[in-house]
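Each residue takes its place number in the sequence, starting with 1. As the structure is a prediction and not an experimental result, all values here were calculated from the model.
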Amino acid sequence: SLTIPAISRMASTLILTQPEGERAADPKMLLEVIPTELHDRCLLLENVGEALLKAETIAGSRDLIVVAGSLYLIGDVRKRLVGELVE
């Protein structure tokens, strides 16, 4: 499996954010595991909505936006992109 340091080497920009919830990792803690020489590629944004908007703003038409993290983060992103699950 890929680790944060490995992913940070592949990405041109890495946006670190935090989903709502008491167990969510602080983006500053995530930044600590990224090699120092790659910190200039990183953006720390307070919430998921802000992070998605920034990703859409800086991505070009041929870029790929990848969202990775906890199920809480993925659930939050999915809800923002396609809406609530309906059964």
Colleague: Mind jotting down which residue pairs meet the side-chain hydrogen bond (donor to acceptor under 3.5 Å, both in side chains) criterion with at least one end in residues 65-77? Sequence neighbours excluded, please.
Modeller: Asp76-Arg80

Colleague: Considering all heavy atoms of both residues, which atom of Ser8 and which atom of Leu38 are nearest to each other, and what is their separation?
Modeller: OG-CD1, 3.5 Å

Colleague: Holding to side-chain contact (heavy atoms from CB on, under 4.5 Å), I want the full list of residues that pass it with Leu30, two or more places apart in sequence or in another chain.
Modeller: Ile4, Leu16, Ala25

Colleague: Check whether Thr17 reaches the backbone of Ala51 with its side chain - one donor and one acceptor, N or O, closer than 3.5 Å.
Modeller: no

Colleague: Other than Leu64, which residues form its hydrophobic cluster under the rule that side-chain heavy atoms must be closer than 4.5 Å?
Modeller: Val66

Colleague: How does the hydrophobic cluster around Ile65 look, that is, which other residues are in it when side-chain heavy atoms under 4.5 Å mark a link?
Modeller: none

Colleague: What salt bridge (charged side-chain N to carboxylate O under 4.0 Å, His left out) pairs are there with at least one residue in residues 7-18, not counting sequence neighbours?
Modeller: Arg9-Glu37

Colleague: Test of understanding: clusters of I, L, V, M, F, W, Y form through side-chain heavy atoms closer than 4.5 Å, transitively. Do Ile15 and Met10 belong to the same one?
Modeller: no

Colleague: Measure the spacing between CG of Leu43 and NE2 of His39 and express it to the nearest 0.5 Å.
Modeller: 12.5 Å

Colleague: Once side-chain contact (heavy atoms from CB on, under 4.5 Å) is applied, do any residues pair with Ala11, and if so which ones, sequence neighbours excluded?
Modeller: Leu14

Colleague: Going from CD on Gln18 to CG on Leu73, what distance comes out if it is rounded to the nearest 0.5 angstrom?
Modeller: 10.0 Å

Colleague: Given a cutoff of under 4.5 Å between side-chain heavy atoms of I, L, V, M, F, W and Y, with clusters grown through shared members, what are the other residues clustered with Met29?
Modeller: none

Colleague: Is it the case that one hydrophobic cluster holds both Leu53 and Leu45, taking links as side-chain heavy atoms less than 4.5 Å apart, direct or via other members?
Modeller: no

Colleague: Hey, what else clusters with Leu71 if you join Ile, Leu, Val, Met, Phe, Trp, Tyr whenever side-chain heavy atoms sit under 4.5 Å?
Modeller: none

Colleague: Sorted by first residue and then second, give each salt bridge (charged side-chain N to carboxylate O under 4.0 Å, His left out) pair with at least one member in residues 40-67; sequence neighbours left out.
Modeller: none

